[in-house]
Structures are given as C-alpha cells and as structure tokens.
Protein chains: 4
Amino acid sequence: MSHRVAILGPTGYTGLELIESLLRHPSLRIECLGSARDNPPRIDAEFPRLSGRLQAVGVNPQCEKIDHDAIAKRCSLAFLCLPHEAAMTHAPALLKRGVKVVDLSAAYRLLDPAVYAAAYGHEHHDAAGLEHAVYGLTEHARDRVRSARLVANPGCYPTAAATALIPLLRAGLVDRTGIIISAASGVSGAGRDPKPNLHYPEANENFSAYGIGVHRHQPEIEQTLRMLGGSADQGREASALFVPHLLPVTRGILETIYATPAPGVTTEALMSALREAYAGERFVSVRADAPTLRDVQHTNQVHVNARVVHGRAVIIAAIDNLVKGASGQAVQNANLMLGCAEWEGLG
Amino acid sequence: MSHRVAILGPTGYTGLELIESLLRHPSLRIECLGSARDNPPRIDAEFPRLSGRLQAVGVNPQCEKIDHDAIAKRCSLAFLCLPHEAAMTHAPALLKRGVKVVDLSAAYRLLDPAVYAAAYGHEHHDAAGLEHAVYGLTEHARDRVRSARLVANPGCYPTAAATALIPLLRAGLVDRTGIIISAASGVSGAGRDPKPNLHYPEANENFSAYGIGVHRHQPEIEQTLRMLGGSADQGREASALFVPHLLPVTRGILETIYATPAPGVTTEALMSALREAYAGERFVSVRADAPTLRDVQHTNQVHVNARVVHGRAVIIAAIDNLVKGASGQAVQNANLMLGCAEWEGLG
Amino acid sequence: MSHRVAILGPTGYTGLELIESLLRHPSLRIECLGSARDNPPRIDAEFPRLSGRLQAVGVNPQCEKIDHDAIAKRCSLAFLCLPHEAAMTHAPALLKRGVKVVDLSAAYRLLDPAVYAAAYGHEHHDAAGLEHAVYGLTEHARDRVRSARLVANPGCYPTAAATALIPLLRAGLVDRTGIIISAASGVSGAGRDPKPNLHYPEANENFSAYGIGVHRHQPEIEQTLRMLGGSADQGREASALFVPHLLPVTRGILETIYATPAPGVTTEALMSALREAYAGERFVSVRADAPTLRDVQHTNQVHVNARVVHGRAVIIAAIDNLVKGASGQAVQNANLMLGCAEWEGLG
Amino acid sequence: MSHRVAILGPTGYTGLELIESLLRHPSLRIECLGSARDNPPRIDAEFPRLSGRLQAVGVNPQCEKIDHDAIAKRCSLAFLCLPHEAAMTHAPALLKRGVKVVDLSAAYRLLDPAVYAAAYGHEHHDAAGLEHAVYGLTEHARDRVRSARLVANPGCYPTAAATALIPLLRAGLVDRTGIIISAASGVSGAGRDPKPNLHYPEANENFSAYGIGVHRHQPEIEQTLRMLGGSADQGREASALFVPHLLPVTRGILETIYATPAPGVTTEALMSALREAYAGERFVSVRADAPTLRDVQHTNQVHVNARVVHGRAVIIAAIDNLVKGASGQAVQNANLMLGCAEWEGLG
C-alpha cells in the first residue's frame, strides 16, 4: 500500500536527503514539493543530481507554493524542512486539516517555550502544538511516535548523544552530571547558505570549536537526558557541557563523550548495558572498537562504543547528520506513523 | 520473485558497493560471499559499515571459500570482483555449472588476447570465454546482455567516454580520430591496497596525471569506440589519446573530451544527437550545463554535455566510478540477465 | 639595504600571501597596508594567522585608508591587490608621485583595450598606463621588468601555460594553433568572497569544468603566446582553447596541455628545448616525470614536463596559483624593479 | 655567522619540513643529509618539491651514509629524525665527538626508562643520555636549552597541551588532576609509511578516535605537566586523560582541553594568566576567540584560548604538528644552542 506525502522546504540539504530516501521507498510517494519561494523552482534545477530521477518514478519535479488545503487533499503526511518559525505556522495548519507532520526544524523539540525563546532568539508561537508533539528519537519513543500526529524530529547532535547516553544513565552506570560531549560535525550540518567560515578555502584543511557551551543543541541534549535518561526522581537533573567542532568533511557527526563512571563500573558493564538496550535494533550497532565517521555515512545507523579508561567513561557515537541526524530518522518516524515497516527506504 | 546471487571477491571497494546495492534490491538476494583468502573473513569485520545490516535482511556476513559446486546449487548468477587472472579461472568453472557471470575485472573486455596481454602483462587463458562474452555497456548492449551468460562489465573510464562519444560518432558529428580524453578519477578507482602515492598526506590536496597514453583503459576505449561507434566500414578506425588524472576525492570520474567537429556542426547538433540517443534512458542525463562530480556520486547516472567552442567539440561526462563505472552497471546488467527490471536496486 | 613598500587591498588571499612572503624578505619592508574600506581593519583581525607576526618585525597591523601622497612619502613601490577598475585609478596616481607599481589585477595585462573590455565587461580607462606597462612573466621579461615602473603581474593560468609553451613555440616544436589547455585550479583562485558553488559542501569532493572557452584568461594566454612565443612574423597567430576546472583543493594549478608536434619531433626534443630555456632558472624545474600539485604548493616554482605520445605533445605544468601565479611572482618582479636579488623572500 | 648542520633521517615528513625551514634560514646551513638506507637517495628524488632548491643555495641533494667522524668534522649540530632506537645509538656517538644534537624522536623525552619501555615496547639503552638531555619545550626551557648539548624535542601533542596548561597549573587556576585532552591531528603526524587506515579513501571524509588513553604521548604529557606545571610539592601529581583523533587534513593539531577550574576562577583569570605567561613570546598567541587549525598551519605558532563555561575550564590550543610540533621547534632549539636569534628560519 502506498502513502502520499509532501515535503515542505525541499531545497536545503535535508530536503535533498529526504527526496533521495523517498525515491528508494517502497510505500511512500512524494506527491508535493512545497516551496516558500515566490517562484517555486524545479527541484532538479536546484539539485541537478536529481535530473530525471523523479520523473522516472512518476514524481513531478516542479515545486509548488504551499497550499494547506491542496496538501490535505492529496497527502497523509508532510515533512517540514522549513525554518523554525515557518514550521510553527505550517504545522498547526496541516494538523488541523488532518495531515500528519514530521517537523525537522527545532520548533517542537524543547518542552519549555522559555527555553526555546532563549536558545532561538524569538518567541514560540504554537504552545498548543508543543503540548502534543512527540520527540521522535525513534528507538526510545517508538510507541508514542506510532500514535503521534506531530513528531518533533530530534537534532543531529542530540540524536547521537542521547542514543549513546540513555542506556548508561538508565542503568546508573555514569553520573548524570558533569558529562562532557566533545562533538564534531561535517559542514552540511550548517546548511546550504554560503557563509565566510564555510567558504571552501576557509573550511578545507581546517578544524575548530564553535558555540562552546552556548550551542542551541545544548538545552535539547540536557532535556533529552533528563526525560529519557531514567532515574527515580524522573530526570530532574542531568547536565552536560556540549562543545561542537567543525570538521572538513561534508557529512557525519562523531561525538566523544566523557563521563564519570559509578564506582566499580567497568568497560564490560557499559558495553553490556548498550548491547542490551539495543539488541534487535536495526539502526544501532554497539561496536567493540571505536566508531568512525565513514562507517555511518549515507546510512541511518548509529555506531556506539564505550569504555572505562584512566577512571573515565569514554563513550563514542557516530551518525550521518543528514540521515539518522535528520531525514533518515524523519522517514523512520513517518514509517511508524503511517503503519509501514520502520526500515523502509532506509539503509 | 527472488534470485540468489554470489559475490566473489567482496572485500574490495567494488564488492562493498555491490553489497550495498543488493541490500536495497527488491529481487536479488546475496546467498554467498566467496573469498579467495585462506581464512575467509566476516564481511562486517572487513567493512564495519555493514555491521548488522546483512543480518537484518537475512544475509550471512561470513565469507566462505569459493566452491563452484556449492555456488551452482544455490545461486543463479555470480558477480566476480576478483583480480583479472582469477576471473579467467572462476568464470568458466561457474558457467560450466550453469551459473551466469557478471565479471567486473578486465578479463573479458578486450576482444583480442594479444591486446589484452600487452595491456595487462600476462597471457589470456580463456579464449573460449572471450568469444561469447558480451561487453556490458548496458545502454548500448541491452539485447545482447539480456541473453548473455557471461558479461564483461566495462571499465570505469571507458563507460564515461563511450557513453559520451558513441552517439556523436554514430551521427558522424565528430572525427573518429584525434580524440583527446582528459579524465580525472577519485582515488577509490585505484583499489583498496595502500600505496605510497595514495597515502593520505600524498594524495590529499594533490592532483596529477598518470599513465599518460599508456593506461590499460586506452585500448578498451579505442575498441569500444570502434565497435559501438558506428560508421560504414564497421568501426575500422577510431583513435583516442587517454590521459587520466588522480583527483583528491574518494569517488567519481569526470572526463573532458576534445574532438574535431565535422564541418558546420554546432552545439545544438551535438546536444540533439545526445538527447535523441538517450531519450527515455533512466541512467543517462543529457544536461544543458557542465556536469559535476557531485551530481552523480552515489548514483548510477551518467551526466553528459557537449558544445562547440573555438572550433572544438568539448564533451563532458561524469559518473560515479564505483556505481555506473563498476558495481551499479554490474547490477544493471544482472537485472537484465535475470529478467528483473533494469533499475532495481539502483538510484 | 631596505626598501619600504605598500600593499593596497591586503584583505584577499593574494594580499595574505604577499604579507607572508614579505615577512620572510630580507630587504623589503611593509610600510603601509592600504584598504579601500570605510573602516580599514587590522589585518590580524582579518587573518588571525598573522597575530603577533607583523609586530614581531616592526610592522603595524593596522590598515589605513589609501592616501597617495602619504604612500609616496614613505614607500618606493606598491603592490596592488585591488579590483581591476580600482587598479586603473590608483596605479597612475602612484606612478605620478614616483611610486613604482606591481599590479596583481588584470588591469594592465591585455594590450588592446577592446579585448580588455570584451573580457572584463567594462571599459579600460587608463590607456596611457597600458602603453608603458610591462607584462611581468619574469623569466621571459627580466630586463624589461628591471627598468619598469609599472608591471602587470600575469594571471595564474597564463603563467603556467606560457612557461610551458613559450620555449616549444620558439623552437617551432609544436603547432602555434589548435593548442588545448585543460587546466585545474584550487578554490583560492576564485577569491575570498563566499559563493554558492564555493560553499564547502558544494566544492568538496567535487570537480567540474567552468568558463569553457570563455574564461577571461583565454585572451591573456593567446596574447602571451603570440608576443613571447617567437616566430618570424612576430607572433601574428597562436590559438589555444582554454578549459579550466575547479579542484577540491585550496591552492595550486595543474595544466595538461595538448598540442600538435611538428613532424618528427620527439619527447627528447621537447624536453631539451625546455631544459635549455630554463637552465639556471631558480624558479623553473624541468622534470622527467609528470608534475604534481603538491610539489609546488607554497613555493614560487614552476614544474614542467613534456612528451610525445600517440602523436600528440602532452605538456604538463604546475604552479601554486597564489605564489608563482600571483604574489610570489609579484615579489620576484618587485625584487628586480628595486635592485634586490630576484629570489629574496621566495622559496 | 654561519653554522653547518646535519640532518639524519631526512626522508620523512619532519625531515622535509626541516629542510624547508633551513633553506630559509640566514645562519644555519645544511652540510650533510645522512640516511640509514643502504643506498642513500638523492633527497630531491624522494621529494620532487625540493628540485633545484638545494643546489640554488649550494646544498648537495645527495644523501650520504651516516658517518659520525665525517659529521663531526663538518657540522656543529645534528638534527635526528630517526626511529627512537636509532636515535639512542647515534646521539651518544655524535655527542662524544662534540656534535650537539636535537633529537626529534621520543628517545630522550621520558625521564624514567621504565616508563619509556612500557610506552615504546623496547628497553631504553642510553641511560646516560637521558640524564643530561634537556626537554626542549622552548618557551619553558629557554635557559636550559641554550646550554644543552642534547635536546629532546617534545612530541607534537604534548607541545600543544603543555603550552596551554602550564601557565594555568602554575597559577593554580585549574585542578592538576582529572584533566581531559580531546585532541585531533592531521595525518602527517602518523608518518610517511602507507597504512590501511591512512589510505586516502579510508582517511578522507573520515574522523575517529584512536589510542584512547593508551597513546604514547599520554605519559609524556603527564610528565611535562608534573615537571613544568609548578606546585609546591614539585609536580608530584598531575593526571590527564589523552584522547587523540585522526583528522582528514594533512597537517595541524587542535586540542580541546577540559579541566576543573579552582573555585571562583573566571574566563578573565585564565586569559590573564596565559597573556602574562606569554607576553613577548614570538611564537605563542593568546587569542580572544577559539583557535583554528588553518591559522597555525605552516607557522611555528601556538594559538591558545581559555574560558570557563558551565563550570568547566575549556582551553583550546592549535599548532602545526610538523612545525611547532616537530621541526620548527627543533630549529628554535638549535638556534638557542648555537647562539642564533631564536626565530631565525621560522615564521
């Protein structure tokens, strides 16, 4: 059985990745590419790598203006690859018309509108949506996603950090505070708009930290660790220092996480907790050695490893920021919301 | 309906690419990974990026020793990703047992064993195989491939060059001699074995020509242009100077081809010939602008463009060397040989 | 003895390269960094890699507004790293005040103002300057540069092409027409302003041709071959098709040049002509093997090699586009103009 | 005044960097290139980028066999770019003959031979040398280096870590234990021999941690922090977890260091301590913003920044691993040992 879906804001890197995933998908079909531009482009003019490939499977490459009623008539679900503020406008309009929504922006990720406003620099204006949105870290929210009408697709850095840490926090194997997340991302994570520091001769052969302790994903990571990281007092504390770095690669995130192990905790205890938590999970691999970026690029996989060394827990997680960190997890969530097999369209 | 296939020599880059393609394939199923090593490895130990992904679709990640009888019992087709000489041994053994073969080595590409011996430095020892092998440049050999039992999968550089030039030669729009093919390939084309000039600090930020006029693909290109490039005297002449360069990228080939246009030939004439030749072709895009490497990476597409400028025809073609230049075209050919839709498993 | 110089427009990549060269220079001293901006920046704020390094040798890192009189009082020579049109304004103003000028823009490279206007899209407005400017391809213009007051520093692509071809044309070893220059440059050649196609995720792992036959360096190359390439009728003809490509590296140019050898010409004849022409030249190496980009990066060297293969002359030249292709050759020229040893400050 | 020096083991990346530095040096002159190979190569055959550049300054490009007497006759100092064990043989032989030695291997860095044996997997066999060797972290050992006959040139990672941490430890601003050094290095740090994980297609677009807590530089870092990091009880404790990562770049090291600030310590306190410690230092820049790799590549600079955020001290240091992390600091030390200005030959 086939479901028709819309992609709103398809001209960024997450839009492209989503289209490529859906071109391989056996049961979802792109019905509408909705653009906020005055003159919606052909998507294959934006991305020549799509030339001929949409038509070959009967998809119209012409983007159209966003029309909620028209989408509601034709589509059962919409992926929103829009700016945060635009998402808050379009999500409720679509939901009201019965269209399910997977939102790839940060609009519905933070439970507290005040935290949102502090991180993103503008007020939140869809408090109602916030209340019923489900945070779609799929492996840890499967049942809620299945019945959700609005899924807040997690951020890329938080996806890697939470996947690595949740089982260890739940098992009480590492301290809930004082966690350090030293992360590195490829440049596609910064979007498709040219900027001086992302100009090729500047980013090439370079490496640097940015947003040290003040990155927008810092509160999302802490919230996720609090909410999904277990503990008797229902996640009241959980603190992490998040320090991202910019890597001279196109895609991929690798996070090296330092935590304080509980007394007596060994490498094997950490690894067992991870293996147990992710037994049978198709998109999480608990590896015996250190994950690398290349091993997860162009896949929806999370690779994770943990060890105790010199008295520290060192936990490493790798994902493709555009796939498991964005469009892949979005498809994974949509699959659940629409009753498809969770892994359709994903590698 | 499902067909079971074997991959012999799966531990190189073309093997990995083939596996990834077959993991997405709706009707081909990997039944056997055959290794020439004394101790066949687990393929997910060789390539950790495959961790868990084979088991998820019921494929055994353990490589086994190559056993022709065992393969014949379980598989209808084998992909050979072996060294040239090994291919000449295993192909006839499998064919004799009724297993169809797509050979990704150069063993069966050159019609004349003497030309083969000169290019590859050793005698050809399967003349019988040479006689019935079909050169699998799919778009130009579809019917022959469909009924073939042994397909010689074309080389990466020749695939791009021939796709670009054949329609122009057939239409008599450019001279058959004096063609210059200035090509550039990513490093994966040189295989997975470390070598001094492919050591990261040597290949990174570098660019250079190699094998100038003496590369092994030179005779393959000339043979293909002669055989498939039309002309009354059945391809008696056709000469090209082939100059490859090594690009600091992992994958992709871009060829800039210089030819002498026939008198009065315009850009539009070249483009029309290409558009006509490839109308309806799912894996060839005739572009109005210059192709780029990125646009074809991780796809089975050929992007091609041609123009007349300053009295020269300048024709540009781009492919992914590991996909259309190797494993993708191999799947495309296998699909035809097994009666599947040509595009299954390919993007 | 020490000479004080000015750099006007120091905030681009050629400006930075020039500063780094002059920091190592035993007899030239940066006296003034002149910026066209309303609020001239500190150069070490623009380029943090200069932090502390100017002060260490007594150079003021603060850029100042361009003031011709002030420059004339303090400096004997100015390097112009300005836009083409700005160069035509500042060069005559400085020359009038007795300041020698090395202009790194294209303003004074093309002898014919009509050709200039066609290539650069605006009228030339310093015809007087054009008349006495010396085209500073140092190895072929040493004496004229020595006595010049205004040197037009050659373009990056033309420097490599001309260095490779001039000796062969002069010796009559290759045809003066029908030359094909297939060139590839690092991204720094496109300047420091961010552009969509130079955004890291677009340029990385990519390769493509651009400006095919219509690049601004096409007429400069043809003019140089005509003027410096010898021949009885004083360079009346000389035609070349110039096809540049964009490489995913920061710096360096490699040109693979295809030409028709005169009857009977051998590899050895080509190599002998090159060796003879460049015997004793400190910045030209005639190599027996194919030059590579890495071997010339961060040096003022030209590496060149030539061979006859399959009836074609294939000539390869490599330079660093920011050094021999811009700031290095500018220092080389300035050294001659000021009576320093030609190689001071250069590696 | 000119000093003649030898380079033993010049065919690796540190050898090349040393040669390039000495080619620019006003008072040191390469007199001997000593190779341990049976057939010593020409250095310009090993590194074509040196073609013609040694002869231009009167240096013989031919490597010679290592002959201690011959070196002693001609050279006042030798740089050892040899394997650790070879260094222990050649250093005493040269010292005995009156030749000063800067050893770039790890042979003389660790004070305790047992620690050395544990880290490097073989016994130390020059205990006498160990006793008088001076650890050449120049800025913190200037006087001792000046009078040293044998300098142990520090490791690349330890140079960055120690430069960043010593002033903060001495001032008591951060805890001496529990320090985490999350570091990333370009591939040249792994040497010039090809290895599977350094093969271009493997290292490109990749990033991963290695040697987590077990890297050979771990004891060197801890020893340096103990010895040079001050404290009343003369550096008895000081513990750090060192986690290096491999970056897809050719050169450069960036270290992000996490430490526990003493109560009440602010960003300004950290920065003041660094500024004070390095006031007037030509090769250390205390930056207000986060250092980047590009800003130090091809220079002998250390860029450092520190801040307190979310209760942690985050200190970032960047160097070029081949310059300040190896050959540049070696020249800096040699300059002191020979009475030259410390900065000669260095940028």
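Please read all numbers here as calculations on a predicted model, not as lab measurements.
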Checking heavy atoms, do the side chain of B:R192, its backbone, both or neither come under 4.5 Å from chain D?
both
Mark yes or no for whether D:Y200, through its side chain, and B:N204, through its backbone, hold a donor-acceptor pair below 3.5 Å.
no
Contact part of B:D193 toward chain D, heavy-atom cut-off under 4.5 Å: side chain, backbone, both or neither?
backbone
Quick check on the interface: out of D:A203, D:P194, D:P248, who has the most heavy-atom pairs with chain B under 4.5 Å?
D:P194
